[in-house]
Amino acid sequence: ALNDAWRYFRENVATKPEYAGFSDDQVIFVVVDADGRLDPLAANYLAGHFLKPEVGGVQLSVRIYNRYNPLAWMQDVEFGIYGGLYQTGRTLTGTASMGGNGQANRLTALNSVVGDHDGPWRDYLTEDQDLGLTLIEHGWDGHHESRVTVAQQGLSNLRALYRQRTRWSQGNIQTLRHVPLLRHGREGILAKIDLLWAVLQPPLQAFIGFATLLAIYCAIWLGTPFVVPNSRWLWLWLAFLFFLGFGGTAIGCISIGRGHGPLGYLRGLLIAIPYAFYSWILWPVIVRAFWRQVRGATGWAKTAREPMEPDEGARS
């Protein structure tokens, strides 16, 4: 569908006399999901990024508008951390990812990555992430815009969330094909490290998860201690273990409190514990994704959306 829209514009819209004065550099494709709510000021803020000729794509921050449900609320926190911390930082190196909903791309950049394919987008389970990496490999920068957002409906059913995240995780595994290309790209060393770290997340998360389960098994059934009793460095070791388990989560949650004063940071710290639990609930999708990839399963079911309540817009 995305490739059809790209072809339709080139063949049926750009050829009309009223659009003849616009170059491909001035045309921006914006992808919005059917349940997406685009901020009215989004175009203004996106335009500022595309004034830089090297920018090929910009991703808006995503929020969940039905976040009064506990599970959907955790998804809102998740997107807030990803966009407000990781993506914002990756903008500095031009390596911010594309995420589909709220994604904007310069037409020149899209045209540059077509090659022998039917269009800029490839047949991947996460075609948005694949496109973002492909653009970077072709010399384009990826930015993130967090001052305006695109809101979407969160999933309040754990089974539906598992199905969605399994597809996302398997799509991440498919993007491992980019690893050798990223090593030989034109990006700087920091950009390459960032890209490799991002692409290698699925195997790293799988390894950490299995290592944690193995450690728990050894502690319960084999009596292997986590710490050395009566050690003078016991407190330091416990602090290190706590940081491994909750440090990254706490930093991410605290970061979303920026701009809200001390109470914002305190709220972020309090959110860290339930969010860490939420993150571990999602860990099995990595195992499912790897199993699907090994079996060669590439089909996926469209995420079912829930009926909206009459006053849902007011509450969001």
Side-chain angles (χ1 to χ4, degrees), residues 25 29 31 46 48-62 78-79 81-100 102-117 120-146 168-209 211 243-244 247-249 251-252 255 279 286 289-290 293:
D25 274 342
F29 267 65
V31 181
L46 288 172
H49 290 272
F50 287 108
L51 289 175
K52 299 178 180 179
E54 69 274 14
V55 175
V58 181
Q59 175 63 46
L60 295 175
S61 284
V62 178
E78 177 184 16
F79 283 122
I81 294 172
Y82 181 70
L85 181 62
Y86 300 117
Q87 283 277 87
T88 300
R90 301 181 74 195
T91 297
L92 299 176
T93 55
T95 55
S97 297
M98 299 296 103
Q103 168 186 325
N105 296 109
R106 194 190 302 271
L107 181 57
T108 311
L110 294 178
N111 296 342
S112 70
V113 299
V114 175
D116 298 329
H117 300 272
W121 285 273
R122 315 286 201 269
D123 188 16
Y124 282 83
L125 291 174
T126 50
E127 82 295 327
D128 43 15
Q129 182 186 26
D130 174 74
L131 175 68
L133 290 168
T134 303
L135 289 173
I136 293 171
E137 291 163 7
H138 282 73
W140 295 97
D141 281 359
H143 282 195
H144 186 86
E145 176 54 65
S146 58
W168 291 5
S169 184
Q170 188 180 1
N172 291 344
I173 295 170
Q174 291 175 339
T175 61
L176 288 173
R177 75 169 185 88
H178 287 275
V179 170
L181 300 175
L182 295 173
R183 286 175 53 217
H184 302 292
R186 291 174 290 178
E187 305 82 25
I189 185 63
L190 287 178
K192 287 181 178 179
I193 292 173
D194 172 75
L195 289 168
L196 288 172
W197 178 259
V199 173
L200 292 174
Q201 282 301 298
L204 288 173
Q205 291 172 347
F207 172 78
I208 292 171
F243 182 80
L244 285 179
T249 300
I251 292 172
S255 71
S279 299
I286 300 173
F290 270 107
Q293 188 68 13

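Note that these values count all heavy atoms, side chains included, but never hydrogens, waters or copies made by symmetry.
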**Item:** Listed partners of Asp130 passing salt bridge (Lys or Arg N to Asp or Glu O under 4.0 Å), at least two apart
**Value:**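 For Asp130, the residues satisfying salt bridge (Lys or Arg N to Asp or Glu O under 4.0 Å) (neighbours in sequence not counted) are Arg177.
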**Item:** Non-neighbouring partners of Ser61 that pass side chain to side chain donor-acceptor pair (under 3.5 Å), sequence neighbours left out
**Value:** His144
Can you name the closest pair of heavy atoms from [X] and [Y] and give their distance?
| X | Y | answer |
| --- | --- | --- |
| Val199 | Thr175 | CG1-O, 3.6 Å |
| Asn172 | Pro202 | CB-CG, 3.5 Å |
| His49 | Val58 | CB-CG2, 3.5 Å |
| Ala109 | Leu135 | O-CD2, 3.5 Å |
| Trp121 | Asn105 | CZ2-OD1, 4.4 Å |

**Asked** Is the backbone N or O of Leu125 less than 3.5 Å from a side-chain atom of Gln174, with the two atoms forming a donor-acceptor pair by type?
**Response** yes
**Prompt:** Just by modelled atom types, is the Phe290 backbone N or O under 3.5 Å from a matching donor or acceptor in the Gln293 side chain?
**Reply:**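 Judged by distance alone, no pair lies under 3.5 Å.
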**Request:** Can you sort out the partners of Phe29 under ring pair (Phe, Tyr, Trp, His ring centres under 6.0 Å), two or more places apart, ordered by chain and number?
**Result:**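 Phe29 satisfies ring pair (Phe, Tyr, Trp, His ring centres under 6.0 Å) with Phe9 once adjacent residues are dropped.
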[atom1]-[atom2] distance between [X] and [Y], expressed to the nearest 0.5 angstrom:
| X | Y | atom1 | atom2 | result |
| --- | --- | --- | --- | --- |
| Tyr124 | Leu133 | OH | CG | 10.0 Å |
| Arg106 | Asn111 | CZ | CG | 12.0 Å |
| His143 | Leu46 | NE2 | CG | 12.0 Å |
| Gln201 | Ser169 | CD | OG | 10.5 Å |
| Leu200 | Gln205 | CG | CD | 11.0 Å |

Is there a side-chain contact between [X] and [Y] (heavy atoms, below 4.5 Å)?
| X | Y | answer |
| --- | --- | --- |
| Phe50 | Asp25 | no |
| Ile81 | Ile251 | no |
| Val62 | Tyr82 | no |
| His178 | Ile136 | no |
| Asp141 | Thr91 | no |
| Arg122 | Leu131 | no |

List the atom pairs, with distances to 0.1 Å, where a side-chain N or O of residues 92-99 and a protein N or O form a donor-acceptor pair under 3.5 Å, not counting sequence neighbours.
| from | atom 1 | to | atom 2 | distance (Å) |
| --- | --- | --- | --- | --- |
| Thr93 | OG1 | Arg90 | O | 3.1 |
| Thr93 | OG1 | Thr95 | OG1 | 2.7 |
| Thr95 | OG1 | Arg90 | O | 3.4 |
| Thr95 | OG1 | Asp194 | OD2 | 2.6 |
| Ser97 | OG | Arg90 | NH1 | 2.7 |

**Residues forming a side chain to side chain contact (heavy atoms under 4.5 Å, CB included) with Ser255, sequence neighbours excluded** = Leu85, Arg258
**Complete:** Those residues at least two apart in sequence (or on a different chain) that pass side chain to side chain contact (heavy atoms under 4.5 Å, CB included) with Asp123 are none
